[in-house]
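Report on one structure; see the data block that follows.
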Amino acid sequence: MRETFLPFSKPSIEEWEISEVAKVLRSGWITTGPKNAEFEKAFCAYTGAKYAIPLTSETAVMQVLFRALDLKPGDEVITPSMTWVSLPNIVSLYGAKPVFVDCDRDTLMVTPEAIEAAITPNTKAIVPVHFAGGVLELDRIRAIAEKHGVVLIEDAAHALGAEFKGERIGKHGNVMFSFHPIKNITTGEGGMFATDDAALADRVRSLKFHGLGVDAYDRQTMGRAPQAQVVEPGFKFNMPDMQAVLGVTQLTRVDRMNAERGRLARLYRARLADIPELIPLAQPAYDYKDSYHLFVVRLDIEKVGITRDDFMAELKKRNIGTGLHFRCVHGQKYYREACPVPAGALPNTEWNSERIFSLPFFPGMSDADVDDVIDTCKEILTR
Ligand SMILES: *Cc1c(COP(=O)(O)O)cnc(C)c1O
């Protein structure tokens with residue numbers, strides 16, 4: 001058994017990055033300022049986005065965006081149930097209804113067909129998730145959104161550095177990113193809204209900071225003219241510079257970190273080939289580049305005869321940490337009552353929700369760590 005605990009995730013922060021944060025702390029300006037401007041610029045350069053606006057989390061992006069889109073009671077937002085709770089929660093807080101759609105059994109991503117079947121006259125937006133590092137079939141999903149005149153918002157919490165048909169995620173459309181510590185880059189906590197819609201970008205920029213007017217002065221200096229006035233009531237979700245500076249440093253390393261994640265993923269796949277009880281995700285057949293955000297497996301509970309939760313507990317006893325991405329949203333206490341889904345309507349989501357967990361996976365993890373995980377899984381399975 002391992003002597004030390006192997007966490008399922010760990011942020012990668014180098015000493016020079018800590019020095020950059022310290023410089024901001026000593027600079028006399030620690031809230032939103034020049035480092036935010038730098039982060040925006042670097043993010044646009046990296047993804048190809050026209051506009052990129054940092055906020056305190058991706059959940060905050062959702063909160064602001066749905067105000068900007070005037071989401072109202074009676075409106076519907078199409079979302080996978082196999083996702084983190086942020087989106088359904090924020091939609092619910094606006095009094096609108098999350099409409100859960102099923103995912104593909106093996107990529108865990110919603111299909112264009114499932115999205116189109118869920119569209120009604122009340123549909124306000126479609127918010128699919130690029131899952132675990134895989135990428136949605138964007139061209140077909142964009143065509144559906146356009147055909148029905150609904151807004152498409154990509155949840156790219158897992159997808160920084162990923163590409164669809166040679167185009168980086170974030171370059172086009174309305175795309176939300178997260179910089180929570182487990183994501184491909186981190187600012188401690190943080191999020192980004194990337195868009196090519198100038199009017200929407202201005203609205204989000206204003207709403208993230210009290211709803212104060214945004215003018216040329218704001219854009220250049222990232223401060224506000226002291227004379228700025230409230231043009232509509234807004235939120236307070238601006239990212240402090242002491243965090244934005246980490247975004248700048250991490251962006252210079254994201255390709256290297258993702259490549260390292262890719263190497264670990266290939267190692268896992270090779271080692272898992274002789275463990276049929278642990279089923280990795282399938283990779284989509286269309287042209288895309290993976291961001292290797294998570295390494296998700298499904299436990300063949302029928303064959304093994306123990307639950308996923310027990311399997312995770314057995315791993316933990318042996319010093320191996322795991323994650324759970326995700327427990328289906330429609331099965332959780334609030335949503336079972338507030339947005340009941342007919343039994344059997346989301347079979348792939350429910351099948352995965354019972355069997356899924358995430359193996360330790362982060363840049364800096366060694367081949368020996370991967371071997372420990374695999375050997376420990378084998379040991380539990382042959383007990
Ligand atoms: C992490 C995550 C979020 C939320 O991001 P925060 O920055 O923590 O608000 C949203 N959606 C998905 C799919 C995520 O994994």
Side-chain angles (χ1 to χ4, degrees), residues 11 13 16-47 49-68 86 90 156-157 160 170 174-181 183-254:
I13 297 170
W16 70 276
E17 301 184 87
I18 295 172
S19 305
E20 289 299 312
V21 177
K23 273 188 215 163
V24 172
L25 288 171
R26 293 193 184 98
S27 71
W29 191 277
I30 59 178
T31 186
T32 309
K35 287 297 169 190
N36 265 258
E38 241 185 88
F39 188 23
E40 286 189 12
K41 225 172 132 196
F43 200 87
C44 287
Y46 181 75
T47 57
K50 260 206 174 117
Y51 310 99
I53 304 160
L55 280 82
T56 48
S57 69
E58 184 183 338
T59 308
V61 174
M62 294 170 184
Q63 211 165 330
V64 166
L65 201 50
F66 283 127
R67 176 71 187 174
S86 297
I90 299 299
L160 185 62
N174 303 307
V175 190
M176 308 181 294
F177 294 88
S178 170
F179 311 125
H180 176 277
K183 308 293 155 104
N184 294 54
I185 72 167
T186 187
T187 57
E189 294 280 357
M192 186 75 86
F193 177 55
T195 184
D196 40 23
D197 180 333
L200 191 55
D202 268 2
R203 194 91 190 281
V204 167
R205 200 180 283 290
S206 170
L207 282 168
K208 75 153 178 170
F209 195 72
H210 305 298
L212 292 172
V214 177
D215 57 19
Y217 177 95
D218 299 318
R219 285 204 197 83
Q220 280 160 26
T221 65
M222 295 305 300
R224 303 279 156 161
Q227 294 80 5
Q229 298 188 34
V230 173
V231 292
E232 63 176 315
F235 302 92
K236 178 71 165 56
F237 290 141
N238 56 302
M239 181 185 279
D241 265 18
M242 50 193 270
Q243 284 173 254
V245 65
L246 263 184
V248 176
T249 62
Q250 295 258 296
L251 264 185
T252 66
R253 301 177 52 223
V254 61

Discussion item. Looking at every non-hydrogen atom in both residues, tell me the closest pair between Phe43 and Ala52 and how far apart they are.
Written reply: CD2-CB, 3.8 Å

Worksheet item: Do NZ/NE/NH1/NH2 and the carboxylate oxygens of Glu38 and Lys41 come within less than 4.0 Å?
Response: no

Worksheet item: What heavy-atom pair brings Gly170 and Phe177 nearest, and what distance separates the two atoms?
Response: CA-CZ, 4.0 Å

Discussion item. If you compare all heavy atoms of Glu40 against all heavy atoms of Ile53, which two are closest, and at what distance to 0.1 Å?
Written reply: OE2-CA, 4.2 Å

Review item, side-chain donor-acceptor pairs of residues 54-63, under 3.5 Å, at least two apart:
{"residue": "Ser57", "atom": "OG", "partner": "Thr59", "partner atom": "N", "Å": "3.3"}
{"residue": "Ser57", "atom": "OG", "partner": "Ala60", "partner atom": "N", "Å": "2.9"}
{"residue": "Thr59", "atom": "OG1", "partner": "Ser86", "partner atom": "OG", "Å": "2.9"}

Worksheet entry | Thr31: side-chain contact (heavy atoms from CB on, under 4.5 Å) partners, not counting sequence neighbours | Trp29, Asn238

Item to complete: Please identify each residue that fulfils side-chain contact (heavy atoms from CB on, under 4.5 Å) with Asp197, with sequence neighbours left out.
Response: Asn174, Thr195, Ala199, Leu200

Worksheet entry | side chain to side chain donor-acceptor pair (under 3.5 Å) against Arg67, all qualifying residues, sequence neighbours excluded | none

Worksheet entry | Contacts of His210 that satisfy side-chain contact (heavy atoms from CB on, under 4.5 Å) - sequence neighbours left out | Leu212, Lys236

Discussion item. Test of understanding: with side-chain contact (heavy atoms from CB on, under 4.5 Å), list the residues that count as partners of Tyr46, not counting sequence neighbours.
Written reply: Leu160, Arg168, Leu251, Val254, Asp255

Practice prompt. Check side chain to side chain donor-acceptor pair (under 3.5 Å) between Lys23 and all other residues, then give those that pass, not counting sequence neighbours.
Written response: Glu20

Worksheet, complete the sentence: Heavy-atom nearest pair, Leu25 first then Met242, reads CD2-SD, 3.9 Å

Discussion item. I'd like to check the ring pair (Phe, Tyr, Trp, His ring centres under 6.0 Å) partners of Phe237; sequence neighbours left out, ordered by chain and number.
Written reply: Phe235

Just distance, no hydrogens or angles: give the donor-acceptor pairs under 3.5 Å from side chains in residues 186-193, sequence neighbours left out.
{"residue": "Thr186", "atom": "OG1", "partner": "Phe179", "partner atom": "O", "Å": "2.8"}
{"residue": "Thr186", "atom": "OG1", "partner": "Gly188", "partner atom": "N", "Å": "3.0"}
{"residue": "Thr187", "atom": "OG1", "partner": "Glu189", "partner atom": "O", "Å": "2.7"}

Worksheet item: Taking all non-hydrogen atoms of both residues, which atom of Ser206 and which atom of Val231 are closest, and how far apart?
Response: OG-CG2, 3.9 Å

Worksheet item: Hey, what do you get for CZ (Arg205) to OH (Tyr51), rounding to the nearest 0.5 Å?
Response: 9.5 Å

Worksheet entry | Pairs meeting criterion side chain to side chain donor-acceptor pair (under 3.5 Å) with involvement of residues 241-250, two or more places apart | Glu17-Thr249, Glu17-Gln250, Asn36-Asp241

Worksheet, complete the sentence: Lys183 meets the side chain to side chain donor-acceptor pair (under 3.5 Å) criterion, sequence neighbours left out, with none

